[in-house]
**Student:** 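One structure, as structure tokens, below. Some questions next.
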Amino acid sequence: MRSLKTFRKIVGTTSHTRISGGYRMTEKQLRARTSLLKAMLLVSALLMGYSDLITTNEILQRGMGELNPIMRFTQEWMGEWWLIAKLGLTYLVMWMLWRGKSERQMAYVVAFIATPVYNNLIILAGSN
């Protein structure tokens with residue numbers, strides 16, 4: 001008995017196959033969809049890191065301080081160059097996300113990265 005993959009090679013079918021009322025994607029289509037989702041999550045992580053940088057900088061310019069003790073130490077130690085450390089951390093997280101296997105876990109990490117941005121926006125809205 002031949003497998004479905006062998007049957008498709010013989011018949012030449014590589015498009016969708018109908019299975020119980022729904023369509024099943026081919027392996028190539030599934031990989032493309034996964035790569036697109038992964039790329040969108042990586043871009044979202046970059047945007048959240050950049051937004052965190054911008055909103056934190058705005059908070060500091062208004063005379064308020066950094067709440068994260070690690071970043072506060074980095075700001076004291078590196079001075080104006082703390083921006084490089086913050087962006088470096090964002091790129092490290094993006095690299096780790098790229099190496100990850102689960103898109104769901106990537107989405108959780110991106111949501112977690114977004115929380116400081118939301119907190120900074122609330123602080124900025126309250127200071128006006």
**Student:** Drop me the distance from Thr90's OG1 to Leu47's CG, to the nearest 0.5 angstrom.
**Tutor:** 11.0 Å

**Student:** Does the side chain of Leu83 come within less than 4.5 Å of Met78's, by heavy atoms?
**Tutor:**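 No - every pair of side-chain heavy atoms lies 4.5 Å or more apart.
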
**Student:** Under a 4.5 Å cut-off applied to non-hydrogen side-chain atoms, are Trp82 and Leu53 in contact?
**Tutor:**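 Yes, at least one pair of side-chain atoms sits under 4.5 Å.
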
**Student:** Considering residues, nucleotides and ligands other than Glu80, do more than 12 of their heavy atoms fall under 6.0 Å from its CD?
**Tutor:**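 Counting other residues, nucleotides and ligands, CD of Glu80 stays at 12 neighbours or fewer.
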
**Student:** Flag the pair Asn119 / Thr115 as yes when at least one side-chain heavy-atom distance between them is below 4.5 Å, and no otherwise.
**Tutor:**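 No, their side chains stay 4.5 Å or more apart.
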
**Student:** How about Ile70: does its CD1 atom have over 12 heavy atoms from other parts shown lying under 6.0 Å from it?
**Tutor:**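 Check fails, neighbour count at 12 or below.
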
**Student:** Give me the atom names and distance for the closest heavy-atom approach of Leu97 to Ala45.
**Tutor:** CD1-CB, 3.9 Å

**Student:** When you measure from the side chain of Lys38 to the backbone N and O of Trp98, does any donor-acceptor pair fall under 3.5 Å?
**Tutor:** yes

**Student:** Looking only at non-hydrogen atoms, find the nearest pair between Leu42 and Met94 and report the distance.
**Tutor:**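 For Leu42 and Met94, the tightest heavy-atom pair comes out as CD2-O, 3.4 Å.
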
**Student:** Please find the pair of heavy atoms, one from Leu41 and one from Val110, that lie closest to each other, and give the distance.
**Tutor:** O-CG2, 3.5 Å

**Student:** With hydrophobic residues grouped by side-chain heavy-atom distances under 4.5 Å, do Met40 and Ile113 end up in a single group?
**Tutor:** no

**Student:** Would you say Tyr91 ends up clustered with Val109 if hydrophobic residues are merged whenever their side chains have heavy atoms under 4.5 Å apart, either directly or through other cluster members?
**Tutor:**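 Both belong to a single hydrophobic cluster.
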
**Student:** Taking atom CG of Asn120 and atom OG of Ser51, what is their separation to the nearest 0.5 Å?
**Tutor:** 10.0 Å

**Student:** Applying a strict under-4.5 Å side-chain criterion to I, L, V, M, F, W and Y, I'd like to know whether Leu89 and Leu87 cluster together.
**Tutor:**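 Shared cluster, no.
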
**Student:** Test salt bridge (Lys or Arg N to Asp or Glu O under 4.0 Å) on Arg62 and Glu58; report intermediate values, then the result.
**Tutor:** CA-CA 6 Å; Arg62 292 184 183 198; Glu58 181 65 28; 3.0 Å; yes

**Student:** Say whether Trp95 and Phe112 are linked into one hydrophobic cluster, either directly or through other cluster members, by side-chain heavy-atom distances under 4.5 angstrom.
**Tutor:**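 No, because Trp95 and Phe112 fall into different hydrophobic clusters, even though each may have its own neighbours under 4.5 Å.
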
**Student:** Of the non-hydrogen atoms in Glu66 and Arg72, which two are nearest, and what is the gap between them?
**Tutor:**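 Closest approach of Glu66 to Arg72: O-NE, 3.0 Å.
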
**Student:** How about Met96: does its CE atom have over 12 heavy atoms from other parts shown lying under 6.0 Å from it?
**Tutor:** no

**Student:** Please round to the nearest 0.5 Å and tell me the distance separating atom CG of Leu124 and atom OG1 of Thr56.
**Tutor:** 9.0 Å

**Student:** Side chains of Leu37 and Met106: closer than 4.5 Å at any heavy-atom pair?
**Tutor:**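 Side chain of Leu37 against side chain of Met106, heavy atoms only: no contact under 4.5 Å found.
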
**Student:** Thr74 and Ala85: which non-hydrogen atoms are nearest, and at how many Å?
**Tutor:** CG2-CB, 3.7 Å

**Student:** As an exercise, state the distance from OH of Tyr50 to OG1 of Thr55, rounded to the nearest 0.5 Å.
**Tutor:** 11.0 Å

**Student:** If I compare all heavy atoms of Val117 with all of Asp52, which pair ends up nearest, and what's the gap?
**Tutor:** CG2-N, 3.6 Å

